[in-house]
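Below: one structure, written as structure tokens.
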Amino acid sequence: MSEPVLVAAASNHRRSNSAAIGRYLADALVTAGVRAQILDVAESGGLQDDFRPAVEALTGHGHVVLVASLYHDAINAVATATLEAWADAARGDSPRLFSAIVHSGYPEPVHTEVALAICRRFASDVGWAWRGGLTAGATSAIGGKDLRAVGPLARHLRRALDLMAAAFARGEPVPEAAVRTAVRAAMPRWLYIAVGNWMMRREARRLGTVDLDRRPYASHDEVG
Amino acid sequence: MGDDTCPRRAFVLNGSDSPGDMPDRISAGLACYLLDCGWYVDRMDVPTARIGMCRVCNACAFKTPGECALRDDGHDIPRLMAQSDLFAFVSAIRFGGYPAAAKRAFERTLPNVHPLFMVYRGEMHHRLRYAHRPFMLFVGWQPFPDAEARRLYTRLTERNAINFQADHRTVVLEGDLAPEALDRELAELVRGWVQ
């Protein structure tokens, strides 16, 4: 029998890909017959350093899933602060099940390995049972949209989340099939880089960027 | 930068949780040793500085390229890092990574990262804004020996250095070090690796 699941999306900004992934997972869990609640930590106070809603949301949920973006090779600062708030709250509390999803704009799994390991270590430190995690790359394509609206670019991630939800409904940890599916590339890397650079330059034109290569802090030996 | 006419410049980003804790003492000691060795040292202390969260607003990519839109102490982090020969980041080790406040400060280095992408060491990365790469020194502290946390922290700092395409050194200090013991550790670090 499955525990009620709290899906906590923790990002440094609003309308995040973490929230989009979290909403999809929460819906998949409900479809699979699991009681699930989605919490957007940034929207609920995380951006103002208020993590009380994130702590209060733990109540009634025996299984917690953190969804966080990679930022400078680890989970972002809001997600880190969320874990710290949960760690403080976990003292003397009943142990919970814990899983994590770490996603990145980079396609290669090597970028997110340490971040997921940090989440696993958090579980160990606070006495929560680690129920596995997923990493997913090339998630910039989500653009904060509903995962279903992203189309083929998010097909592997949607499939992985479906597998994850089905496993949780059976009371099982994240299955290996979900882990493998989530890291499958939706397009070749060279194409992803080319499209990414094209989109960045397009955005620069749209915003009227004068000098994308500006170096305001260049030292004297870098100039000229 | 860093020749006979111009002293070498260090930026010590003190990611301690509170004044007087071990990372704070490590940062202070490191800064002192660097000064004694003739370095010019800039230091920012996370517990007392105003460092807001990076909101990933992309102003530093498109609106004011290379410069953060937030006007707080964190606004200076990219400049201090870009203009240093040594960037030292000191913090406790939490869950094998950086504590949240320290992580928040480190994330403010984003303006030094260019929005366009490249392949570096066989991986996709952002380009960097500056040709100059400060040497990155990571000093992590944990209250007792913990091999797994040490391994995770070391791997994290290695990834950070790869992203900044910088040479680096990672040091993990453990335990409540008495002043003399801390002095010895820092003296060895500065003389052996930084000079």
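Note on naming: letters A, B, ... go to the chains in the order of the sequence lines (proteins, then strands), and numbering restarts at 1 for each one. None of the values given here were measured: they were computed from a predicted structure.
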Given heavy-atom pairs under 4.5 angstrom as the criterion, report whether the side chain, backbone, both or neither of [X] touches chain A.
| X | value |
| --- | --- |
| B:Asp76 | neither |
| B:Ala149 | both |
| B:Leu80 | neither |
| B:Asn163 | side chain |
| B:Pro99 | both |
| B:Met124 | both |
| B:Met81 | neither |

Non-hydrogen atoms of [X] and [Y] that approach each other most closely:
| X | Y | value |
| --- | --- | --- |
| A:Arg131 | A:Phe168 | O-CE2, 4.3 Å |
| B:Asp21 | B:Asp17 | OD2-N, 3.0 Å |
| A:Val67 | A:Ser18 | CG1-O, 3.5 Å |

One thing to verify: whether [Y] and [X] come together as a salt bridge, which I'm taking to mean a side-chain N less than 4.0 angstrom from a carboxylate O.
| X | Y | result |
| --- | --- | --- |
| B:Asp45 | B:Arg43 | yes |
| B:Asp167 | B:Arg133 | no |
| B:Asp183 | B:Arg25 | no |
| A:Glu3 | A:Arg96 | no |
| B:Asp146 | A:Arg121 | yes |
| B:Glu107 | B:Lys103 | yes |

Tell me, out of [options], who's got the most heavy-atom pairs with chain A below 4.5 Å.
| options | answer |
| --- | --- |
| B:Leu156, B:Ile162, B:Val56 | B:Leu156 |
| B:Arg104, B:Glu123, B:Arg155, B:Lys63 | B:Glu123 |
| B:Ala100, B:Cys57, B:Pro115 | B:Ala100 |
| B:Arg127, B:His126, B:Met118 | B:His126 |

Using non-hydrogen atoms and a 4.5 Å limit, figure out which bit of [X] sits close to chain B: side chain, backbone, both or neither.
| X | result |
| --- | --- |
| A:Ile75 | backbone |
| A:Glu108 | side chain |
| A:Asp49 | side chain |
| A:Leu212 | both |
| A:Asp125 | side chain |
| A:Ala87 | side chain |
| A:Val110 | both |

**Residue pairs involving residues 53-94 of chain B (criterion ring pair (Phe, Tyr, Trp, His ring centres under 6.0 Å); sequence neighbours excluded)** = B:Phe11-B:Phe87, B:Phe89-B:Tyr98, B:Phe89-B:Phe106
**Prompt:** Hey, what do you get for CG (A:Leu66) to CZ (A:Phe98), rounding to the nearest 0.5 Å?
**Reply:** 5.0 Å
Select, from [options], the one with the greatest count of heavy-atom pairs under 4.5 Å involving chain B.
| options | answer |
| --- | --- |
| A:Asn197, A:Thr82, A:Val114 | A:Asn197 |
| A:Thr80, A:Asn76, A:Asn12, A:Thr209 | A:Asn12 |
| A:Tyr192, A:Tyr71, A:Phe122 | A:Tyr71 |
| A:Arg201, A:Met199, A:Glu113, A:Arg120 | A:Arg201 |
| A:His111, A:Arg14, A:His13 | A:His111 |

**Request:** Determine, stepwise, if the pair B:His168 / B:Phe135 fulfils ring pair (Phe, Tyr, Trp, His ring centres under 6.0 Å).
**Result:** CA-CA 6 Å; B:His168 81 289; B:Phe135 184 89; 7.7 Å; no
**Request:** Would you please indicate yes or no on a ring centroid separation below 6.0 angstrom for A:Phe51 and A:Trp86?
**Result:** no
**Request:** Using a 4.5 Å cut-off on heavy atoms from C-beta on, say whether the side chain of A:Leu134 contacts that of A:Thr181.
**Result:** no
